[in-house]
Amino acid sequence: MLRPTNRPANRPVTKRAAVLVSISVATVAATLASPATVTAAAAPPGAKAAAVSWTGCATPRYPTLQCASLKVPLDHDRPGGRQISLALTRVPHTAATSQGPLLVNPGGPGGSGRGLAGYVAATLPKDVAAQFDVIGFDPRGVGKSEPALDCGAGHFAPARPDSVPRDVATEEANLNRVKAFAESCRSKHADVLPYIGTVSAARDLEALRTALGAPKISYYGYSYGTYLGAVYAKLHPARVHRLVLDSVVDPSGVWYEDNLAQDQAFDARHKAFLAWVAQYDEKYRLGTDPVRVENRWYAMREALRESPAGGKVGPAELEDTYMPGGYYNGYWPNLAEAFSAYEVEHDPKPLVAAYERFGAVEPSAGNSYSVYTAVQCRDSAWPKDWNTWRADMWATHAKAPFMTWNNAWYNAPCAFWPTEPLAAPDVTNADLPPALLLQATQDAATPFGGALTMKEKLKGAALVVEEGGGNHGISLAGSKCLDEKVSAYLRTGKAADATCAAQPAPKPAALTRAVPPSAGGAALHGLLGYRG
């Protein structure tokens, strides 16, 4: 559900499918070159699993951070076979009495979670964080876990063909790209692709619990991480202590239908951005009528189709640049400045700069996108007949033109994927302690109906709604109301349905002004990737 890139400090990640890059993740990654390694599975019957051996890997921001790696079976049905490794980070508890491990996941699939442990431990109230060992992890195939997938360098190199296939040649060019990516994954990683999926990742969590010697674990997941948490809970309900799911995947639509639902929700969120721009006509000079502003945005897209800005920002890259605004409205001022500069000042340089900041996919992001496709294509069945995709995308595009075709090409390798799909598990669960779900009503990446579906499936779950909110990833992001609900739940395990007001919309700001990491959800959204 997230899109990948790796970014330096204060730069957002792009693309809904995957990676997480923390404001401190580069520092964390540098400390992970030689983590302690243990084996969690394949112990003889009756033998005690080895404990995880943690070593210090402190950063200036997270001085108590520790690192380790964990060996797990590639195929959990063959525990004595080939082993792979998972990279871990931990901020240990400091209270006299511990509630045990709290595993945190940023989503994706394909998101690196090592940078999230320090953030969560530092952002929770001190008395709550002190009760948990907050553990981040790179799921199998991701980041510092080994082997790490990387299927196709340069897959997102600009300028790509127009995402909207108005003619046969454009459609063929896009099809050739996605077919080449799927073939590259087969040629490079055929031995591991059958084992990259949500069920395998959930079984890794159980191996980690065993290695930690913990009778139960708590779990805090964002976006795709909500689905991973629900699948783990389905497999091991008696092992769940607390379960926090923020920005909830619809488990009934995994994954083709969920992506179609996203297309319409992102279109609505893009219109909300354009309406916000219209409110500040004195600043952006694009008009006071949201419809006029929208027409000018699509006029910009058409102009870029004829002449990409800087030779690299065509229509597909423009969509990549503005898609992060659907995840976090803190980016709206910068995106509006670039829009205004291009349309009003006829200056493409700010748009190119916005693309480099918000849309460009760096080479290291090939890992996260590779895992994204491997997981989504393996998790469930996708149409294999391209005529089905074509009909569905044109029908959806007619209602939601902003990103329908862009999203289609992002996921289209699944039409040609070399491994057979599994059946998505039914996460219906009556054996869990109460779970806490958090959801903004206007979230585009995980539309609101998904949270309602998940609440129905998890007996006793409570849903906290951010009424009118449109950001993706809403807890530990500056809302006192939401964060109090999370903290109370982690302390006591008790939760009730509730509603919180949305945080205020942003105000216009200069394009050159960086989003400060302390401002509202900026720090969290520096960690959470795009598409997911």
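In this chain, residues are counted from 1 in sequence order.
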* Would you give the length of the straight line joining atom NZ of K485 to atom OG1 of T499, rounded to the nearest 0.5 angstrom? =>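 Interatomic distance, K485 NZ to T499 OG1, rounded to 0.5 Å: 9.0 Å.
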
* Asked: Roughly how far apart are S223 OG and D246 CG, rounded to 0.5 Å?
  ->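 It is 9.0 Å, given to the nearest 0.5 Å.
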
Donor-acceptor under 3.5 Å ([X] side chain, [Y] main chain):
X: D162; Y: P315; result: no
X: S380; Y: A424; result: no
X: K312; Y: A159; result: no
X: Y489; Y: L243; result: yes
X: T170; Y: P165; result: no
X: S145; Y: G141; result: no
X: S487; Y: D483; result: yes
X: D443; Y: G470; result: no
X: W332; Y: G325; result: yes
X: T404; Y: A400; result: yes

* Structure fact -> By side-chain hydrogen bond (donor to acceptor under 3.5 Å, both in side chains), D347 pairs with (sequence neighbours left out) K349

Would you say the side chains of [X] and [Y] form a donor-acceptor pair under 3.5 Å?
X: D281; Y: T288; result: no
X: W297; Y: E302; result: no
X: S163; Y: E319; result: yes
X: Y62; Y: T89; result: no
X: D138; Y: S112; result: yes
X: Y372; Y: Q376; result: yes
X: T373; Y: Y410; result: no
X: D263; Y: N407; result: yes

Closest non-hydrogen atom pair, [X] against [Y]:
X: Y355; Y: P158; value: OH-CG, 3.5 Å
X: F181; Y: P413; value: CD2-CG, 4.1 Å
X: P161; Y: A173; value: CG-CB, 3.8 Å
X: N334; Y: R357; value: OD1-NH1, 2.8 Å
X: A477; Y: L524; value: CB-CD2, 3.8 Å
X: A338; Y: P350; value: CB-O, 3.7 Å

* **Qualifying residue for side chain to side chain contact (heavy atoms under 4.5 Å, CB included) with N411, from W382, W255, Y256** =>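 One option only clears the test, and that one is W382.
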
* To do: Measure from the ring center of Y331 to the ring center of Y322 and say whether it is less than 6.0 Å.
  =>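 No, too far apart.
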
* Asked: Would you say the ring centroid of H472 lies under 6.0 angstrom from that of Y328?
  ->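 No, ring centres 6.0 Å or more apart.
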
* **Worked verdict on E171 versus W386 for side-chain hydrogen bond (donor to acceptor under 3.5 Å, both in side chains)** => CA-CA 11 Å; E171 183 175 52; W386 185 249; 3.1 Å; yes

Under a 4.5 Å cut-off applied to non-hydrogen side-chain atoms, are [X] and [Y] in contact?
X: K507; Y: Y280; answer: yes
X: M300; Y: L351; answer: yes
X: L476; Y: L124; answer: yes
X: L437; Y: V464; answer: no
X: P251; Y: T453; answer: yes
X: V344; Y: L286; answer: yes
X: T446; Y: T226; answer: no
X: Y220; Y: V134; answer: no

* To do: May I ask you to decide if the ring planes of W276 and Y284 are parallel, tilted or perpendicular, using 30° and 60° as cut-offs?
  => tilted

